[in-house]
Amino acid sequence: MRMLLIHSDYLEYEVKDKALKNPEPISDERKKDRLDEVLAVFISVEKVDESNPEEVVEKAVAEIEDVVKQVKAERVFVYPFAHLSSELASPSVALEILQKIEEKLKEKGYEVKRAPFGYYKAFKLSCKGHPLAELSRTIVPEEGVSK
Ligand SMILES: Nc1ncnc2c1ncn2[C@@H]1O[C@H](CO)[C@@H](NC(=O)[C@@H](N)CO)[C@H]1O
């Protein structure tokens, strides 16, 4: 999994077209959305993650929480982003992992939104520009270690 984390004044998106034959079904209110004072987390789920999705979710949540605390972000935007890797996981596995990350962060008490999966989206982002405002993380499951 590759993550690009941008501490932002805001992130807003608008769904444009389908990018997959069967994108995630979404309600009207999710066609356009915005969060202010947010840690935007752009995530490419990778093939290697398919060997242990649970572990990758756990590690991703721990990394995101670590950055949230460092930059003192108030909320998190989980953003599916198929452009950080050339070894992408299947859409079904990727969506499941992204939904779990959202769920676990909410369980920890964070305000979280997740941008719709399987669409082309217009987005606007205002990066805060401080030294920790732009970070990237790579997460891989342990070699052959299954739960
Ligand atoms: N392995 C993967 N990791 C993260 N996102 C993935 C994915 N496989 C499919 N997607 C989603 O489907 C759209 C088309 O690839 C993707 N759309 C995008 O990445 C938009 N920024 C438009 O390009 C994304 O929503």
Side-chain angles (χ1 to χ4, degrees), residues 1-50 52-141:
M1 174 184 288
R2 305 284 171 137
M3 299 200 293
L4 174 63
L5 305 100
I6 309 283
H7 189 201
S8 308
D9 299 314
Y10 67 87
L11 166 67
E12 60 183 38
Y13 72 80
E14 182 177 356
V15 167
K16 293 298 181 184
D17 297 317
K18 288 184 176 183
L20 292 177
K21 195 156 154 279
N22 299 308
E24 175 189 11
I26 52 169
S27 57
D28 283 348
E29 62 260 17
R30 282 189 72 204
K31 287 191 173 136
K32 220 173 143 175
D33 212 343
R34 174 190 172 109
L35 274 180
D36 295 295
E37 292 309 313
V38 64
L39 179 66
V41 187
F42 296 88
I43 300 179
S44 286
V45 182
E46 297 185 287
K47 203 98 198 110
V48 68
D49 302 326
E50 296 182 355
N52 198 332
E54 297 75 24
E55 185 188 358
V56 165
V57 167
E58 234 173 85
K59 287 182 172 179
V61 168
E63 286 293 346
I64 292 167
E65 189 165 29
D66 177 50
V67 174
V68 162
K69 287 177 177 169
Q70 282 187 63
V71 303
K72 298 182 178 53
E74 296 167 34
R75 45 194 73 85
V76 180
F77 222 136
V78 176
Y79 198 101
F81 199 71
H83 314 284
L84 301 175
S85 170
S86 55
E87 304 276 323
L88 293 175
S90 70
S92 58
V93 171
L95 176 56
E96 221 177 275
I97 286 176
L98 292 163
Q99 287 170 322
K100 288 252 175 45
I101 290 171
E102 174 192 14
E103 200 183 293
K104 300 264 180 224
L105 286 168
K106 283 180 177 172
E107 282 168 11
K108 285 176 173 282
Y110 295 105
E111 185 185 342
V112 187
K113 285 191 176 182
R114 180 175 53 81
F117 185 94
Y119 296 91
Y120 294 113
K121 296 179 286 299
F123 72 90
K124 289 185 184 144
L125 178 72
S126 170
C127 172
K128 286 182 176 290
H130 60 70
L132 292 178
E134 300 158 283
L135 298 169
S136 64
R137 294 285 186 276
T138 298
I139 291 164
V140 286

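These numbers come from the heavy atoms of this one structure, side chains and all, not from hydrogens, waters or symmetry mates.
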Exercise. Go through the steps to decide whether Glu111 and Leu35 satisfy the test side-chain contact (heavy atoms from CB on, under 4.5 Å), and finish with yes or no.
Key: CA-CA 10 Å; Glu111 185 185 342; Leu35 274 180; 3.6 Å; yes
Self-check item: Test side-chain contact (heavy atoms from CB on, under 4.5 Å) applied to Val76 and Val38, step by step
Solution: CA-CA 5 Å; Val76 180; Val38 64; 5.5 Å; no
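The pair Lys106-Glu103 does not meet the salt-bridge criterion, since no charged nitrogen lies less than 4.0 angstrom from a carboxylate oxygen. Comment: Lys121 does not engage Glu12 in a salt bridge, judged by the lack of any side-chain N to carboxylate O separation of less than 4.0 angstrom. Ionic pairing of Glu14 and Lys16 is present here: one or more N-O contacts between side-chain nitrogen and carboxylate oxygen are shorter than 4.0 angstrom. Salt-bridge annotation for Glu37 and Lys128: present, with a side-chain N of the basic residue lying under 4.0 Å from a carboxylate O of the acidic one. Classification of Glu55 and Lys59 as a salt-bridged pair holds, one side-chain N sitting under 4.0 Å from a carboxylate O. Using a 4.0 Å cut-off between charged nitrogen and carboxylate oxygen, Lys47 and Glu87 do not count as a salt-bridge pair.
Side chains of Glu65 and Tyr110: a donor-acceptor N/O pair is present below 3.5 angstrom, by distance only.
Here the shortest heavy-atom pairing between Arg2 and Ser85 reads CG-CB, 4.2 Å. Among all heavy-atom pairs drawn from Ala133 and Cys127, the shortest one is CB-SG, 3.9 Å. Here the closest non-hydrogen pair linking Ala60 and Ile139 is CA-CD1, 3.3 Å. Nearest heavy-atom pair across Leu132 and Val71 is O-CG1, 3.7 Å.
A 4.5 Å side-chain heavy-atom check between Leu39 and Ile6 finds every atom pair outside the cut-off. Under the 4.5 Å side-chain criterion, counting only non-hydrogen atoms from C-beta, Val15 is not in contact with Lys32. No side-chain heavy atom of His7 sits under 4.5 Å from any side-chain heavy atom of Leu5. Side chains of Tyr13 and Arg30 form a contact here, defined as non-hydrogen atoms less than 4.5 Å apart. Between Val61 and Lys108 there is a side-chain heavy-atom pair separated by less than 4.5 Å. In this structure the side chain of Phe123 reaches within 4.5 angstrom of the side chain of Leu11, judged on heavy atoms. Lys104 places a side-chain heavy atom less than 4.5 Å from the side chain of Val57. At least one side-chain heavy atom of Lys31 sits less than 4.5 Å from a side-chain heavy atom of Ile26.
To the nearest 0.5 Å, atom CG of residue Leu20 and atom CG of residue Leu95 are 9.5 Å apart. Taking CE of Met3 as the start and CD1 of Ile101 as the end, the distance is 7.0 Å to the nearest 0.5 Å. Atom-to-atom distance recorded for Ser8:OG and Lys124:NZ is 14.5 Å, nearest 0.5 angstrom. Separation of atoms CG (Leu105) and CZ (Arg75) is listed at 14.0 Å; rounding is to 0.5 Å. Here Phe77 contributes atom CZ and Arg114 contributes atom CZ; the two are 10.5 Å apart, rounded to the nearest 0.5 Å.
Phe117 pairs by the ring pair (Phe, Tyr, Trp, His ring centres under 6.0 Å) definition with nothing, not counting sequence neighbours.
A donor-acceptor pair is defined here as one N or O able to donate and one able to accept, closer than 3.5 Å; such a pair exists between the side chain of Ser44 and the backbone of Phe81. Distance alone, capped at 3.5 Å, places no donor-acceptor pair between the Lys100 side chain and the Glu54 backbone. Side-chain N or O atoms of Asp49 include one that pairs as donor or acceptor with a backbone N or O of Met1 at under 3.5 Å.
Applying the 6.0 Å contact sphere to OH of Tyr10 captures more than 12 heavy atoms from other residues, nucleotides or ligands.
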